[in-house]
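The structure appears right after this line, and notes come after that.
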Amino acid sequence: MGIARLADVIKEEAAEAVNSFPLRQYRDRVIALDASIAIYQFRTAMPKLFNRNGENISHLQGLFYRTLHLLENGIKPVFVFDGRPPDLKQPLLARRAEAAGARRDAAESRRAENLPRPLKQDCETLLSYLGVPYVQAPAEAEATCAALVKSGKVWCTATEDMDALPFGSLRLIRHLSSKKNCEVEEISLPDILQKLGMTQEQFVDLYILLGCDYCGKIWRLGPKKALKLLQQHGTIEQVLQNIDPQKHPLPANWDLEGTRRLFLQPEVADPGRITLEWRDPDPEGLVRFLAHEKHMNESRVCQRLQRWQEAQSKPREAQPKQRVPREGRRQRKLGEFFPASKRARPPEVPGPRPSRKRQKLQVGTPGEAGSPDPGK
DNA sequence: CTCGTCC
DNA sequence: TCCTCTGACTCAAGACGAG
DNA sequence: TGAGTCAGAGGAC
């Protein structure tokens, strides 16, 4: 809701805070991604892909391809899963459910916001085989992403949702996809605050006035006026004292304090108790899981993995313009990754996750504070 | 690069 | 008058590889 | 779903 409006305000009033960089610029950087959003996109934007068992596997294919693409570019991704939505979001969710239920069956509308459990487990299994860490957020994923960035464990949040900014993510990148020539748009929160002459608290107030997901907005108070009045008076309370309440009625059940608290003191996973660790993808495990268990096209999986391996063995540079001649793309050698039997298929049930490659987000050790160097 | 396919 | 906000509308949203 | 238009109405100057 406030997403578009905030993007407009930033582009108009703080254009300096927005820059574009080629993806290669983010080599060796740790980037947090909202897993639920990504998966939801794969499931909606993609034509439904059903395997032979009638299961929709769009999310697996999408996650597989996109994650490998990030890894090939030297990026260290960490996926953050949504937890329980805050109570303040319930009205919004209810509205969405109602809208969906109006034209679809009730079962689908009940999908609410949280991913179905088996779906999420599949994604976790896939990430484990890819050697990519994931984090379970207690509440909003964007909030935990922001906390990870603030802690220095993560360089930036990659999302299309502007929420990460009021949550305090110092850097936000958009348009992170597998498109060729991908230019990533990076938004700097400190630059925004400086250009707008606002504190983070005032910025949160601005976001609330623009119409965030958690509470209604004030009638006839749009982006221009909201920004001007806030810069002039400092807080929403002060703004309210300087506008005509008749012409600008407040929304019903307007929980200003609650919404502020939600952004400024959100419920997040403690970054100090999270250890992020990346391993090489496990090609054998990926073929077993994706092709044999989930029935993705085996040659596609293998082909993609082979491409990844070739990129790995190549010298670190070699990206700039060096287009590999047609010839360079070797054809498949299917037997490559699973010399051992196809017969050893894992149990059908999601069962215990692959034990050997267990992903580690241990809680306990602050771990090496391998903070991504802020230099550059 | 555009377009058709992925299961 | 011009500026600003609202609301109703439409469309496309992923990633790949063959040609 | 959300993001990009385009119509039009209420305020501001």
Side-chain angles (χ1 to χ4, degrees), chain A residues 1-9 11-12 23 33-34 36-73 89 92-93 95-104 108-109 111-113 158-163 174-182 185 209-213 216-229 242-244 246-249 251 290-308 323-324 326 328-332:
Chain A
M1 307 308 223
I3 301 165
R5 275 187 277 259
L6 180 61
D8 288 344
V9 170
K11 267 183 219 140
E12 281 179 35
L23 190 57
L33 299 100
D34 183 327
S36 309
I37 300 247
I39 291 162
Y40 182 76
Q41 280 175 349
F42 291 134
R43 287 180 69 84
T44 56
M46 257 164 142
K48 305 267 190 290
L49 304 180
F50 293 102
N51 68 10
R52 70 177 66 155
N53 294 342
E55 303 166 305
N56 184 335
I57 55 169
S58 302
H59 59 292
L60 289 175
Q61 179 156 318
L63 191 60
F64 173 65
Y65 283 134
R66 179 177 289 184
T67 306
L68 275 184
H69 176 252
L70 295 177
L71 293 174
E72 275 173 355
N73 281 274
K89 206 173 186 176
L92 175 75
L93 299 182
R95 277 209 315 276
R96 283 183 186 166
E98 186 182 2
R103 54 179 192 281
R104 288 284 173 186
E108 174 144 2
S109 73
R111 177 188 54 83
E113 290 301 286
T159 174
E160 301 306 311
D161 192 333
M162 287 287 171
D163 272 356
R174 307 173 78 196
H175 311 145
L176 182 69
S177 66
S178 283
K179 291 185 180 66
K180 5 194 141 188
N181 282 345
C182 33
E185 183 180 279
L209 288 183
L210 291 180
C212 66
D213 281 356
K217 67 187 300 302
I218 299 173
W219 182 255
R220 294 222 165 274
L221 195 58
K224 306 280 187 191
K225 277 188 206 167
L227 176 62
K228 191 175 151 213
L229 289 171
N242 287 274
I243 58 177
D244 184 347
Q246 301 297 330
K247 294 174 181 170
H248 300 280
L290 291 177
H292 300 164
E293 183 175 341
K294 292 298 170 181
H295 302 107
M296 261 180 71
N297 184 289
E298 180 161 341
S299 59
R300 284 204 160 232
V301 174
C302 291
Q303 243 174 305
R304 188 63 184 84
L305 283 171
Q306 184 161 353
R307 217 178 87 202
W308 170 79
R323 220 47 197 136
V324 187
R326 255 340 194 172
R329 314 203 171 173
R330 279 307 306 139
Q331 291 299 359
R332 75 293 207 164

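Chain naming here is simple, since letters A, B, ... match the order of the sequence lines and numbering starts at 1 in each.
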Short question: side chain of Asp34(A), backbone of Thr159(A) - any donor-acceptor pair under 3.5 Å?
no
Audit row: Ser58(A), Asn56(A), side chain to side chain donor-acceptor pair (under 3.5 Å) steps and yes/no:
CA-CA 6 Å; Ser58(A) 302; Asn56(A) 184 335; 2.9 Å; yes
Using atom CD1 of Ile37(A) as one end and atom P of dA13(C) as the other, report the distance to the nearest whole Å.
17 Å
When the nearest nucleotide of DNA chain C is assigned to Pro223(A) and to Arg66(A) on a heavy-atom basis, which residue is associated with the more 5' position?
Pro223(A)
Give each protein N/O atom lying under 3.5 Å from an N/O atom of nucleotides 10-13 of chain D, with the pair distance.
none

Ile39(A) CD1 to dT1(D) P: how many Å, rounded?
17 Å
Please report the closest heavy-atom contact between Leu210(A) and Pro223(A), naming both atoms and the distance.
CD2-CA, 3.6 Å
Contact between Met296(A) and Arg304(A) at the side-chain level, heavy atoms closer than 4.5 Å - yes or no?
no
Atom OH of Tyr40(A) and atom C1' of dA12(C) are separated, to the nearest Å, by 13 Å
Using a heavy-atom cut-off of 4.0 Å across all strands, would you classify Arg43(A) as base, sugar-phosphate, or nothing?
nothing
So, the side chain of Glu55(A) versus the backbone of Phe50(A): is there a donor-acceptor pair under 3.5 Å, distance only?
no
So do Leu33(A) and Leu70(A) actually touch side chain to side chain, heavy atoms under 4.5 Å?
yes
Rounded to the nearest 0.5 Å, what separates atom CG in Leu176(A) from atom CG in Leu23(A)?
6.0 Å
Taking atom P in both dC3(B) and dA13(C), what distance in whole Å separates the two?
12 Å
Kindly say if Arg5(A) contacts the phosphate of dA3(D), meaning a side-chain N or O under 4.0 Å from OP1 or OP2.
no
Glu160(A) CD to dG2(D) P, straight-line distance once rounded to whole Å:
12 Å
Is the shortest side-chain heavy-atom distance between Glu160(A) and His175(A) below 4.5 Å?
yes
How close or far is atom P of dA15(C) from atom CG of Leu176(A), stated in whole angstroms?
9 Å
Working to the nearest 0.5 angstrom, can you tell me the gap between Gln303(A) CD and Leu305(A) CG?
10.5 Å
Looking at dT6(C), dA15(C), dA13(C), which one has an atom nearest to any side-chain atom of Ala45(A)?
dA13(C)
Has the side chain of Lys217(A) got a donor or acceptor atom that lies under 3.5 Å from a matching backbone atom of Leu221(A)?
yes
Value in whole Å for how far the P atom of dG14(C) lies from CG of Asn56(A):
16 Å
What is the separation between atom NE2 on His59(A) and atom C1' on dG14(C), rounded to the nearest whole Å?
14 Å
Using a cut-off of under 3.5 Å, enumerate the N/O to N/O pairs linking the protein to nucleotides 3-7 of chain B.
from: dC6(B); atom 1: O2; to: Gln61(A); atom 2: NE2; distance (Å): 3.3
from: dC7(B); atom 1: OP1; to: Asn297(A); atom 2: N; distance (Å): 3.1
from: dC7(B); atom 1: OP2; to: Asn297(A); atom 2: ND2; distance (Å): 3.2
from: dC7(B); atom 1: O3'; to: Phe50(A); atom 2: O; distance (Å): 3.0
from: dC7(B); atom 1: O3'; to: Asn51(A); atom 2: N; distance (Å): 3.3
from: dC7(B); atom 1: O3'; to: His295(A); atom 2: O; distance (Å): 3.3
from: dC7(B); atom 1: O2; to: Phe50(A); atom 2: N; distance (Å): 3.3
from: dC7(B); atom 1: O2; to: Phe50(A); atom 2: O; distance (Å): 3.4

Here the helical stems involving DNA chain C, each at least 3 consecutive Watson-Crick or G-U pairs closer than 3.5 Å, sorted by first residue number, are B:1-6 with C:14-19, C:1-5 with D:8-12, C:7-12 with D:1-6
Taking the P atom in each of dG4(D) and dG14(C), what is the distance between them to the nearest angstrom?
13 Å
Which atoms form the tightest heavy-atom contact between Phe42(A) and His59(A), and what is the distance?
CB-CA, 3.8 Å
Interatomic distance, Ile57(A) atom CD1 to Lys294(A) atom NZ [nearest 0.5 angstrom]
9.0 Å
With heavy atoms under 4.0 Å as the rule, sort Thr44(A) into base, sugar-phosphate or nothing.
nothing
Calculate the interatomic distance between Leu229(A) atom CG and dT4(C) atom P; express it in whole Å.
12 Å
